[in-house]
Amino acid sequence: MAPNDSTSILSSAYIAAEYIDTFLPDNPLQPPFKYAWNFMIDNYTKFQIATWGSLLVHELIYFIFCLPGFIFQFLPFLQKYKIQQDKPETWESQWRCFKMLLFNHFCIQFPLIFGTYHFTEYFNIPYDWDAMPRWYVLCAQCFGCAVIEDAWHYFLHRILHHKRIYKYIHKVHHEFTSPFGMQAEYAHPLETLILGAGFFIGIMVFCNHIVLMWAWVMVRLLETIDVHSGYDIPLNPLHLFPFYAGARFHDFHHMNFVGNYASTFTWWDRIFNTDSQYNNYRDKVKGKTEKKTK
């Protein structure tokens with residue numbers, strides 16, 4: 001496909017989205033969000049917004065998204081949705097996970113967050129309300145970031161599973177063979193840097209406003225906490241997205257150690273047939289379930 005054709009398709013899609021947007025009702029949350037955003041811009045410096053604001057967004061979003069999974073362990077009627085029911089969460093493992101998270105968040109990730117301001121200044125990334133992209137552009141940008149991160153994660157994740165280096169780095173993340181939401185960012189500091197680099201590639205490609213950074217943080221954390229949750233809850237809206245991996249897909253990776261290397265989508269594992277063991281396991285479980293119901 002020629003570059004002009006690609007540009008024409010993107011322009012047509014943008015015009016179509018704008019046209020559809022004219023028929024949608026006004027978002028009741030937009031006025032208070034606009035007020036809060038402008039208040040932030042008027043009362044805080046760009047450095048404060050990019051540094052402390054980004055840190056606050058990450059920490060709040062991470063632990064808020066972890067909260068439902070944490071509560072699930074105390075609700076007996078939800079235990080039937082736990083994927084590995086023979087491996088319940090323990091206080092000891094969750095406390096160990098929490099301590100590692102604090103170290104990674106504040107000693108590894110925060111220095112990276114500290115560079116956000118300098119990134120936005122160097123590339124002249126705007127902060128003001130008027131320059132903020134429309135919702136459908138933001139959604140498209142987050143999807144593009146997810147596709148890029150997923151490709152990076154798949155190939156680098158496979159390398160980290162190589163027998164010569166696995167025990168030095170990635171083995172830390174696999175200390176929990178039955179994952180839980182808070183464990184999503186439980187990893188060796190080097191792994192945090194290696195796999196986390198995929199998060200920033202999409203930002204460098206698509207970022208045209210500070211809000212994309214925060215939106216992409218929210219999307220990425222929602223996805224990784226969901227796939228590490230250990231629960232396959234019915235009617236999960238994330239499963240409406242084609243090729244979304246989900247909790248069962250990634251839970252098998254922790255249980256089996258081999259295969260299902262992608263972070264968000266299933267296409268790379270399908271292309272390279274690294275989901276074969278998972279497919280065989282799923283068919284086997286499905287067969288047993290069908291026999292029990294007969």
Side-chain angles (χ1 to χ4, degrees), residues 55-113 153 157 160-161 166-196 199 217-239 245-261 263-264 278 281 285:
L55 178 65
L56 186 63
V57 166
H58 181 272
E59 296 307 303
L60 282 177
I61 294 296
Y62 190 87
F63 289 106
I64 287 173
F65 285 169
C66 284
L67 187 59
F70 178 77
I71 295 173
F72 287 171
Q73 65 184 309
F74 304 111
L75 302 176
F77 69 93
L78 287 176
Q79 296 314 300
K80 61 184 177 181
Y81 302 121
K82 182 166 173 58
I83 299 168
Q84 297 187 53
Q85 296 186 11
D86 60 330
K87 296 177 182 178
E89 297 92 338
T90 66
W91 285 108
E92 185 275 331
S93 63
Q94 290 175 97
W95 175 241
R96 178 158 52 96
C97 177
F98 182 70
K99 289 187 291 183
M100 173 69 89
L101 281 179
L102 291 181
F103 175 81
N104 279 345
H105 284 188
F106 291 99
C107 297
I108 307 299
Q109 294 181 11
F110 180 63
L112 299 177
I113 292 173
H153 190 101
H157 189 187
L160 289 177
H161 269 271
Y166 171 79
K167 64 181 180 179
Y168 299 111
I169 302 175
H170 192 53
K171 186 178 180 180
V172 173
H173 185 68
H174 276 278
E175 287 178 10
F176 302 101
T177 56
S178 178
F180 48 91
M182 191 168 57
Q183 189 245 336
E185 291 188 343
Y186 180 91
H188 189 285
L190 277 178
E191 178 175 341
T192 300
L193 294 173
I194 294 168
L195 295 186
F199 173 90
V217 165
M218 183 174 68
V219 170
R220 177 67 182 121
L221 290 182
L222 175 63
E223 177 277 324
T224 191
I225 291 169
D226 176 62
V227 302
H228 285 92
S229 68
Y231 288 82
D232 187 18
I233 303 297
L235 304 179
N236 184 339
L238 292 175
H239 288 287
R248 284 196 178 275
F249 190 84
H250 192 71
D251 203 278
F252 179 80
H253 174 77
H254 277 262
M255 181 177 68
N256 192 60
F257 296 101
V258 177
N260 293 12
Y261 297 108
S263 61
T264 306
Y278 170 69
Y281 172 79
V285 171

- Query: Should Phe98 and Gln183 be marked as a side chain to side chain contact (heavy atoms under 4.5 Å, CB included) after you check the CA-CA gap, both sets of side-chain angles, and the distance that decides it?
  - Reply: CA-CA 8 Å; Phe98 182 70; Gln183 189 245 336; over 6 Å; no
- Message: So, using side-chain hydrogen bond (donor to acceptor under 3.5 Å, both in side chains) as the criterion, who are the partners of His174 when residues are at least two apart?
- Response: His161, His170, His253
- Hey, does the side chain of Ser93 reach the backbone of Thr90 with a donor-acceptor pair shorter than 3.5 angstrom? yes
- ring-ring contact (aromatic ring centres under 6.0 Å, His included) against Tyr81, all qualifying residues, sequence neighbours excluded: none
- Quick one: list whatever passes side-chain hydrogen bond (donor to acceptor under 3.5 Å, both in side chains) with Arg220, sequence neighbours left out. Glu149, Glu223
- With sequence neighbours excluded, tell me which residues meet side chain to side chain contact (heavy atoms under 4.5 Å, CB included) with Gln85. Lys82
- Query: Side chains of Asp251 and Gln84: is there a donor and an acceptor less than 3.5 Å apart?
  - Reply: yes
- Item | For Asn260 against His250, the heavy-atom pair lying closest together | O-ND1, 4.4 Å
- Test: Lys171 and Glu175 ion pair at under 4.0 Å: no
- Test item: Tyr261 side-chain N/O and Gly259 main-chain N/O as donor-acceptor pair under 3.5 Å: yes
- Task: Applying side-chain hydrogen bond (donor to acceptor under 3.5 Å, both in side chains), name anything that partners Asp226, two or more places apart in sequence or on another chain.
- Result: Asn236, Tyr244
- Task: Quick one: closest heavy-atom pair of Phe63 and Leu101, and the distance?
- Result: CE2-CD1, 4.3 Å
- Which pairs count as side-chain hydrogen bond (donor to acceptor under 3.5 Å, both in side chains) when at least one residue sits in residues 65-76, sequence neighbours excluded? Gln73-Gln94
- Message: Determine whether His188 and His173 satisfy the following criterion, ring-ring contact (aromatic ring centres under 6.0 Å, His included), listing intermediate values before the conclusion.
- Response: CA-CA 7 Å; His188 189 285; His173 185 68; over 10 Å; no
- Please examine the side chains of Phe106 and Leu102, heavy atoms only from C-beta on, and report whether any two atoms are closer than 4.5 Å. yes
